[in-house]
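Reminder, nothing fancy here: chain letters follow the sequence lines and each chain counts from 1. Predicted model only: the values in this text are computed from it and were never measured.
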Amino acid sequence: MTTFFTTDTLIEFTYLIATALFILSLKWLSSPVTARRGLFAGEAGMVLAICGTLLHAGIIDYKLIAIGLVVGTIIGIPLGNVAMTAVPQRTALSHAFGALCVTVVGTAEFYLRAPDISPFMMAVLSMEVILGSLTFTGSLMAAGKLQEVLPQRPITYKGQNFVNALLFAIALIVAVILILHPDQIRLFPIMIIIPLIFGVMLVIPIGGADMPTVISLLNSYAGLSAAAMGFVLNSKLLIIAGALDGSSGFILSVIMSKAMNRSFTNVLFGGFGQIQTAAGGAKEAPPVRSATPEEAAGILAAASKVVVVPGYGMAVAQAQHKVRELYDSLTKRGVDVTFGIHPVAGRMPGHMNVLLAEADIPYDKLLEMDQINGDLAQTDVALIIGANDVTNPAARTDPTSPIYGMPILDVDKARTVMVIKRSMAAGFAGIDNPLYYLDKTLMLFGDAKNFVSNIVRELTGGSHGG
Amino acid sequence: MKLDLLTGLYVFMLAAFIGFEVIRRVSPLLHTPLMSLTNALDAIAVVGAIILAGEHKTNLAAILGTIAIVAATSNIVGGFIITDRMLKMFKSSGPRSSGSTGGAAK
């Protein structure tokens, strides 16, 4: 306090500026026009804070820091260059890394300080390592499911919720004992191991379709554990960054749950999807109308307004670039083409927008569910590519349907509905879609990429004919 | 350095409110870049890891700190790279996008 410009004050000022830059960074992300400025602000804040930290007087060993920074960069570069379809698993993996960082720092801090730890400090430290370790394994599980190295179908067993609740209770009890008796150092590893198991157990029963919610929720946990670490290290910068990340994950979880018509508890304890598969096959399917690429091209060319509804199936078939060609050839003919994006169309929040932007489709043609639903009644053709459950009118009309109440894209209100689909097999959630049996619906059977490119060929080949 | 817990709680509460208000306004178009960016920013935890590894109070703390630096740095580097790649892809159909980077070349 004697002189104003000590190194510590300087470090604190770098943190203060970094905090402001982080908040501006997120603020500028509100629109695609300013988003990259936001990214640069975030990068500047990060560099500033790291440089400030390196000035810290207590640092005697720069070798380990250098090794850590170099190895981390070597790992980070390929993780930043994955394909856009792999972004969800990359994100899950980065939640795991973030949680790993928080957990090991918490562990080190405990062994440095124990047994001289105040109850409040022990409480935030417990929160840090419990949230950190369950997020670590939970995110690894989520990444494994998304990468399809683990089965995507929910794995459930009898008494699952009881086992999970018991595990969590044990972790909490250990935390309480440590808060009251911080000298019980031997108990600390239990507080890490149990949440590690809990994280696995938590994600095992969750199906692939619920991944957007799970990723968001794990995002929120990662942020909260980082904020707890901020309390432990007395770092306001970290408390703020963690709070920002935590609230971001929370908001996204709420949006995703709403879009899936589910509550958090339902996603975590539901094991959605294992009941309907049995019921699906029993009914006899009514007849459907199908069409060829030539017929589809004719109908599209005659339309004045077309809404394309892409689903994850489109990305799996790698059809987004062909869809862009379709968009180009129809737009050239004066057809108004927009895209209706359901919030859970991809495997994580906003994923479908990224996949379409990658295919050079302008972002102002990508409309949210609420924006597009008003337009669908005035739409000539709704073209559904690789989406199923998000277009299922049973969500509006059939109270017995497992997805009843889920907000959907009202494609059945368009004059003609065309569905590109490989076969009549049920969707991800295993639920039959009555949309396919409507008189106005044409099924376009085939691989999404081939079918769209056949339509494009018809459109460009016959451009002077009609 | 004595920790003022109440100050910490105030900071946390205010930051959570700011985060809520700011992030609520982020276009759903950009929810994926939002997640990768907040993830990179969250890796500011690296500052704690740097001090832990650098102070080298015990070997355990130094090793754990180095692991933490690796994990956080990979998030910073990977998160910023992928966010940048994604944001570069978002183009408007309107009059040649004004504010963006080197769009004049083509």
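Looking at A:L252, only its side chain comes within 4.5 Å of chain B, counting heavy atoms on both sides. Residue contact with chain B, scored on non-hydrogen atoms closer than 4.5 Å, involves the side chain of A:N219 exclusively. For B:L37, the part sitting under 4.5 Å from any heavy atom of chain A is the side chain, from C-beta outward, and nothing else. Only the side chain of B:L60 has a heavy atom closer than 4.5 Å to any heavy atom of chain A. When heavy atoms are compared at a cutoff of 4.5 Å, A:V82 approaches chain B by way of both its backbone and its side chain. Heavy-atom distances place both the backbone and the side chain of B:L29 under 4.5 Å from chain A. Heavy atoms closer than 4.5 Å to chain B are found in the side chain of A:L224, but not in its backbone. Proximity to chain A involves both the backbone and the side chain of B:L9, based on heavy atoms less than 4.5 angstrom apart. When heavy atoms are compared at a cutoff of 4.5 Å, A:L29 approaches chain B by way of both its backbone and its side chain. Only the side chain of A:V87 comes within contact range of chain B, with at least one heavy atom under 4.5 Å from a heavy atom of that chain. Both the backbone and the side chain of A:K236 have a heavy atom closer than 4.5 Å to some heavy atom of chain B. Within the 4.5 angstrom heavy-atom criterion, atoms from both the backbone and the side chain of B:D84 approach chain A. The contact between A:S216 and chain B is made by backbone and side chain atoms together, counting heavy-atom distances below 4.5 Å. For a residue to count as touching a neighbouring chain, one of its non-hydrogen atoms must lie under 4.5 Å from one of that chain's; by this rule A:L367 does not touch chain B. With a 4.5 angstrom heavy-atom cutoff, A:E368 touches chain B only via side-chain atoms.
Judged purely by atom type and a 3.5 angstrom limit, A:T107 uses its side chain to pair as donor or acceptor with the backbone of A:T103. Judged by distance alone, with hydrogens and angles left aside, the side-chain atoms of B:T32 form a donor-acceptor pair with the main-chain N or O of A:G350 at under 3.5 Å. Panel note: side chain A:T34, backbone A:W28; a donor-acceptor pair is recorded below 3.5 Å. Remark: side-chain polar atoms of A:Q320 are not paired, donor with acceptor, to backbone N or O of A:A359 under 3.5 angstrom. With hydrogens and angles disregarded, no donor-acceptor distance shorter than 3.5 Å links the side chain of A:D364 to the backbone of B:S92.
Between the CD1 atom in A:I23 and the CD atom in B:E21 there is a gap of 12.5 Å [rounded to 0.5 Å]. With rounding to the nearest 0.5 Å, the separation of CD1 in B:I23 from CG in B:L34 is 5.5 Å. How far CD1 of B:I81 is from CE of B:M86: 12.0 Å, rounded to the nearest 0.5 Å. Rounded to the nearest 0.5 Å, atoms CG (A:L55) and CD1 (A:I11) are 5.5 Å apart. Within the model, atoms CD1 of A:I341 and OH of A:Y363 stand 15.0 Å from one another, a figure rounded to the nearest 0.5 Å. Between the CG atom in A:L218 and the CE atom in B:M35 there is a gap of 9.0 Å [rounded to 0.5 Å].
In terms of heavy-atom pairs under 4.5 Å with chain A, the best-connected choice from B:S27, B:P28, B:A40 is B:P28. Across A:L244, A:I50, A:D360, A:L238, the residue that shares the most heavy-atom pairs under 4.5 angstrom with chain B is A:L238. Of the listed residues (B:S74, B:G79, B:G8, B:G19), the greatest number of heavy-atom pairs within a distance under 4.5 Å of chain A belongs to B:S74. Heavy-atom pairs under 4.5 Å with chain B were tallied for A:L93, A:V70, A:L69; the largest tally goes to A:L69. Ranked by heavy-atom pairs under 4.5 Å with chain B, the list A:V104, A:L79, A:D245 is led by A:D245. No other option in A:D8, A:L39, A:V71 has as many heavy-atom pairs under 4.5 Å with chain B as A:L39. Options B:T7, B:V11, B:D42 differ in how many heavy-atom pairs under 4.5 Å they form with chain A, and the most are formed by B:D42. Counting heavy-atom pairs closer than 4.5 Å to chain A, the top-ranked of the candidates B:R24, B:R25, B:K57, B:R85 is B:R85. With chain B as partner, the option from A:C101, A:A57, A:G346 having the largest number of non-hydrogen pairs under 4.5 angstrom is A:C101. The choice from A:E109, A:M84, A:R37 that makes the most heavy-atom pairs within less than 4.5 Å of chain B is A:M84. No other option in B:A45, B:A53, B:A16 has as many heavy-atom pairs under 4.5 Å with chain A as B:A45. Your options are B:L14, B:I18, B:V70, and the one with the most heavy-atom pairs under 4.5 Å with chain A is B:V70.
A:T73 and B:T73 are not linked by any side-chain donor-acceptor pair at a separation below 3.5 angstrom, with hydrogens and angles left out of the test.
The aromatic rings of A:F231 and A:F120 lie perpendicular to each other, with more than 60° between the two planes, well past the 30° mark.
For residues 90-99 of chain A, no residue pair satisfies the salt bridge (Lys or Arg N to Asp or Glu O under 4.0 Å) rule, not counting sequence neighbours.
For A:I59, the side-chain contact (heavy atoms from CB on, under 4.5 Å) criterion is met by A:H56, A:Y62, A:I65, B:I50, not counting sequence neighbours.
Atom OH of A:Y111 has more than 12 heavy atoms from other residues, nucleotides or ligands within 6.0 Å.
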